[in-house]
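Below: one structure, written as structure tokens.
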Amino acid sequence: MENVELLIEALPYIKDFHGTTMVIKIGGHAMVDDKVLEETIKDIVLLYFVGIKPVVVHGGGPEISEKMEKLGLQPKFVEGLRVTDKETMEVVEMVLDGKVNSKIVTTFIRNGGKAVGLSGKDGLLVVAKKKEMRMRKGEEEIIVDLGFVGETEYINPEILRILLENGFIPVVSPVATDLMGNTYNLNADIVAGEIAAALRAKKLIMLTDVPGILTDPEDKGSLVSRIRLSELEKMRESGVLKGGMIPKFEAILRALKNGVEKAHIIDGSKPHSILIELFTKEGIGTMVEP
Ligand SMILES: Nc1ncnc2c1ncn2[C@@H]1O[C@H](COP(=O)(O)OP(=O)(O)OP(=O)(O)O)[C@@H](O)[C@H]1O
Ligand SMILES: [Mg+2]
């Protein structure tokens, strides 16, 4: 009886979500453990059979760093973005497309989901350009060369629409080219935010390794459960969002300013965090509203 009541409780959410598109970003830190990934994918397969059209975008930071170290390369970050020389770019592409993307697709197949793996290159989904990074150094503004770190020039969501309409679950890696064929490493949060905007998704959901947005990054108890975009912008200005949280903020900003209804940041290492966040009133992570 309890199980039945749970289902009935979820009914209003199921009704609201049926037929909608949701973009789910799985962070590299939320997939270091295969069992955790398996649970996450199971949740997404459940969403699919409830009538939601999921689009998965993944990162792979820890696996890239691990591989680089094995090859004797030193990972370096500026404001949460990986400095990417030519050699690093080759490792990034190898790890993201050859390993992480393929592992996610395999995990979907094992759990009954018809997943299709693609990078931003495929079907010209993401057209990239070199990212120009400006930083303040004392009084002056300097341009930092991040190498083959790209940003989105534009998104062609056509390939995703074709896949979604035909019942496939797209799994996207954040590797893309410019129109000259130069390959770039993009931040997966930003790609997820842009794709959510291009598809006018109902939600952008980001799975990471912290409970959500914290007012004190050192204190996991300082979770913000619900926040308006304007308040989040104030948090960004105050410098509370650091490192990997900065591109998440950018992604949320772009998504919510372009018609996405809500953004969620949740702990992907906690079992069934997606289902708790989506189908219960309390939720588990941070929900950002326009
Ligand atoms: N105010 C904050 N609240 C929560 N986390 C924060 C905050 N400021 C910085 N962070 C950091 O952001 C990190 C999450 O971003 P990170 O880029 O490391 O992971 P990810 O995006 O999930 O994975 P990947 O980059 O591999 O896709 C957290 O582990 C936390 O240390
Ligand atoms: Mg990140």
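Both ligands and their constituent atoms are indexed starting at 1 by order of listing.
Counting heavy atoms under 4.0 Å from ligand 1, residue Thr208 touches it through both backbone and side chain. At a heavy-atom distance under 4.0 Å, only side-chain atoms of Lys25, from C-beta outward, approach ligand 1. At a heavy-atom cutoff of 4.0 Å, ligand 1 is contacted by no atom of His58, backbone or side chain.
The shell of residues lying under 4.0 angstrom from ligand 1, judged by heavy atoms, includes Gly212. Assignment of Gly60 to the shell around ligand 1 is supported, since a heavy atom sits closer than 4.0 Å.
Among protein heavy atoms, the minimum distance from atom 24 (P) of ligand 1 is reached at Gly28 N, 3.4 Å. For atom 9 (C) of ligand 1, the nearest non-hydrogen atom of the protein is Lys242 O, 2.9 Å. Regarding atom 31 (O) of ligand 1, its nearest protein heavy-atom neighbour is Val210 CG1, 4.6 Å. In terms of protein heavy-atom proximity, atom 21 (O) of ligand 1 is nearest to Lys248 NZ, 2.5 Å. Remark: minimum distance from atom 5 (N) of ligand 1 to any protein heavy atom is reached at Met245 CE, 3.2 Å. Remark: minimum distance from atom 3 (N) of ligand 1 to any protein heavy atom is reached at Leu214 N, 2.9 Å.
In this structure, Lys103 places its NZ atom where more than 12 heavy-atom neighbours from other residues, nucleotides or ligands lie under 6.0 Å away. Within a 6.0 Å radius of CD in Glu38, more than 12 heavy atoms belonging to other residues, nucleotides or ligands are found. Counting non-hydrogen atoms of other residues, nucleotides and ligands closer than 6.0 Å to CZ of Arg110 gives a total above 12.
Considering both main-chain and side-chain atoms, Leu241 never comes within under 3.5 Å of ligand 1 through any nitrogen or oxygen pair.
Summarising the geometry of Asp267 relative to Thr208, their closest heavy-atom pair is OD1-O, 3.3 Å, with the distance given to 0.1 Å.
By the 4.0 Å N-to-carboxylate-O rule, Glu277 lies too far from Lys262 to be salt-bridged with it. Looking at Lys130 and Glu132, no side-chain N of the basic residue comes within less than 4.0 Å of a carboxylate O on the acidic one, giving no salt bridge.
Atom 29 (O) of ligand 1 is approached by the protein to below 4.0 angstrom, counting heavy atoms only.
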* Worked check of side-chain contact (heavy atoms from CB on, under 4.5 Å) between Met206 and Ile252 -> CA-CA 9 Å; Met206 293 193 270; Ile252 291 173; 3.5 Å; yes
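Taking every non-hydrogen atom of Gly61 and a distance limit under 4.0 Å, the qualifying atoms of ligand 1 come out as 26 (O). Close contacts between ligand 1 and Gly244 involve ligand atoms 12 (O), 15 (O), 16 (P), 17 (O) [criterion: under 4.0 Å to a heavy atom]. Which parts of ligand 1 touch Asp209 is read off a 4.0 Å heavy-atom cut-off, strictly below it: atoms 14 (C), 28 (C), 29 (O). Counting the atoms of ligand 1 from 1 in the order shown, those under 4.0 Å from a heavy atom of Pro62 are 26 (O). Less than 4.0 angstrom separates some heavy atom of Gly59 from each of these atoms of ligand 1: 27 (O).
There is a path of hydrophobic side-chain contacts, each under 4.5 Å, that joins Leu207 to Val105. Cluster membership check: Val78 does not share its hydrophobic cluster with Val92, using side-chain heavy-atom separations under 4.5 Å among Ile, Leu, Val, Met, Phe, Trp and Tyr. By the criterion of side-chain heavy atoms lying less than 4.5 angstrom apart, applied directly or through intervening Ile, Leu, Val, Met, Phe, Trp or Tyr residues, Leu11 is not grouped with Val4; the two fall into different hydrophobic clusters.
Side-chain polar atoms of Asn185 and Thr84 form a donor-acceptor pair below 3.5 angstrom.
Here CD1 of Ile52 is found 11.0 Å from CD1 of Ile169. Values are rounded to the nearest 0.5 Å.
Comparing heavy-atom distances from atom 19 (O) of ligand 1 across Met206, Met235, His29, Met31 singles out His29 as nearest.
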